[in-house]
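Scroll down for the structure; my scribbles are underneath it.
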Amino acid sequence: MEKQDIRSLEWEKLKQDIQSLGEKPFRAAQIYEWLHQKLADAPDAMTNIPAALREKLKERYGWANLQIVDMLESAADGTRKYLFRLWDGNVIESVLMSYHHGESVCISSQVGCRMGCRFCASTIGGLTRNLLPGEMLSQVYQIQKHSGRRVSHVVVMGTGEPLDNYDSLLTFIRMLTDGRGLHISQRNITVSTCGIVPNIYRLADERLQITLALSLHACSQEKREELMPVARRYELADVLAACRTYFEKTGRRITFEYSLIAGVNDSEEDARRLAQLLQGLHCHVNLIPVNPVRERDYRQSDARAIRAFKSKLEKYRINATMRREMGRDIGGACGQLRKRYLEQAQGEEEKP
Ligand code: SAH
């Protein structure tokens, strides 16, 4: 996008910009409110803004809007998956989940991903591009508008590696938590990373009250390298040291994500080693039965193995929960709705 995306501009910047057009600051406040509270998609929706200024907004800024291409709702638990088309034709996926504590949206941070985790569908086609802050916000805005449900929690756990799109992620968090926007509490935001160590330290220094979720998936350097190529760049010991610092600087307990794969990382010995590794760290382990991806031959651990793994961790006083699988009936693993769509689109192009 050649022009600056208007929804990616933080309040101070938008205010300066609008003033430089010879307008009063209250106009900037009105425009910001239209964008981030009333969730307007176009200048013409801004009914209290004079027509001439609306024209200027069209000329001066890019409007990186998201169009809903598809929406699937789970009959089992009401989970919704949204497929969005971006201004440049790329598609991304986001999820809405209802919990007793509120409505949670899982957003994507990139189109595709370059981290290459073996079990993950989102990385198969590589990275296409980073998302703009406004495109991350729009996933939340569009879902809130379309569903009529008030979003209270946001997890950055969709496609992409958020710490590989650091600056946009930070702008997104500031804008999402801003009182002039949806004003979501920092404590209700979770950012999940595969472990980009330098950026975990940077994030710790921001002293935000968000939750950091670390994708661990293995209890030794060797096994982690097998599953996650990024582990070759950032060693397990260094990742854990960064997590410790994150806790020390923010006081926020770390969540470790551990996808259980049958015969790969789910033995009781794995659980014991994991417990040892995390000893003394203020944390919580989220166990996720791996979601089978068609291109990979990883299988889910069976219920008995999962129970044994969890009780082993608890025996060592490591807090663990089994992630409830939401929306199982509507699209399997993360990123698969998008992948299916891309494959279909390609199939149609190839037809004579
Ligand atoms: N790039 C970030 C966030 C995106 S993935 C990260 O790596 O954390 C969100 C979580 O889902 C990560 O823990 C990821 O490892 C996990 N995940 C990806 N594919 C999965 C699959 N097929 N089954 C289970 N968990 C998966």
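In what follows, residues are counted from 1 in the order of the sequence shown. First listed ligand is number 1; within each ligand, the first listed atom is number 1.
Applying the 4.0 Å criterion to heavy atoms of H217 picks out, from ligand 1, the atoms 13 (O), 14 (C), 15 (O). Per-residue contacts place G158 under 4.0 angstrom from the following atoms of ligand 1 (heavy atoms of the residue considered): 4 (C). If you number the atoms of ligand 1 from 1 as listed, the ones under 4.0 Å from a heavy atom of T193 come out as 6 (C), 7 (O), 8 (O). Which parts of ligand 1 touch E257 is read off a 4.0 Å heavy-atom cut-off, strictly below it: atoms 10 (C), 12 (C), 13 (O). Below 4.0 Å from some heavy atom of M157 lie the following atoms of ligand 1, by number and element: 4 (C), 5 (S), 9 (C). Distances below 4.0 Å separate heavy atoms of V293 from the following atoms of ligand 1: 22 (N). The distance from ligand 1 to the heavy atoms of G160 drops below 4.0 Å at these ligand atoms: 1 (N), 2 (C), 3 (C), 4 (C). If you number the atoms of ligand 1 from 1 as listed, the ones under 4.0 Å from a heavy atom of C120 come out as 18 (C), 19 (N).
One finds no salt bridge joining D70 and R338 here, because no Lys/Arg side-chain nitrogen approaches an Asp/Glu carboxylate oxygen to under 4.0 Å. A salt bridge does not link R299 to D266: none of the charged side-chain nitrogens sits closer than 4.0 Å to a carboxylate oxygen. A salt bridge between D270 and K312 is absent, with no side-chain N of the basic residue lying under 4.0 Å from a carboxylate O of the acidic one.
Contacts of M115 with ligand 1, taken as heavy-atom pairs under 4.0 Å, are absent altogether. For C194, heavy-atom contacts with ligand 1 shorter than 4.0 Å involve the backbone as well as the side chain.
There is no side-chain donor-acceptor pair under 3.5 Å between N286 and E257. For the 3.5 Å distance criterion, the side chains of E225 and Q221 qualify, holding a donor opposite an acceptor. Of the N and O atoms on the side chains of S108 and E93, not one donor lies less than 3.5 Å from an acceptor on the other residue.
For ligand 1, the polar-atom distance check finds an N/O of F119 within less than 3.5 Å of one of the ligand's N/O atoms.
A side chain to side chain donor-acceptor pair (under 3.5 Å) with E10 is found for one member of K15, R180, R174 and no other, namely R174.
For the pair R272 and Y316, the cation-pi criterion (under 6.0 Å, within 45° of the ring axis) is not fulfilled.
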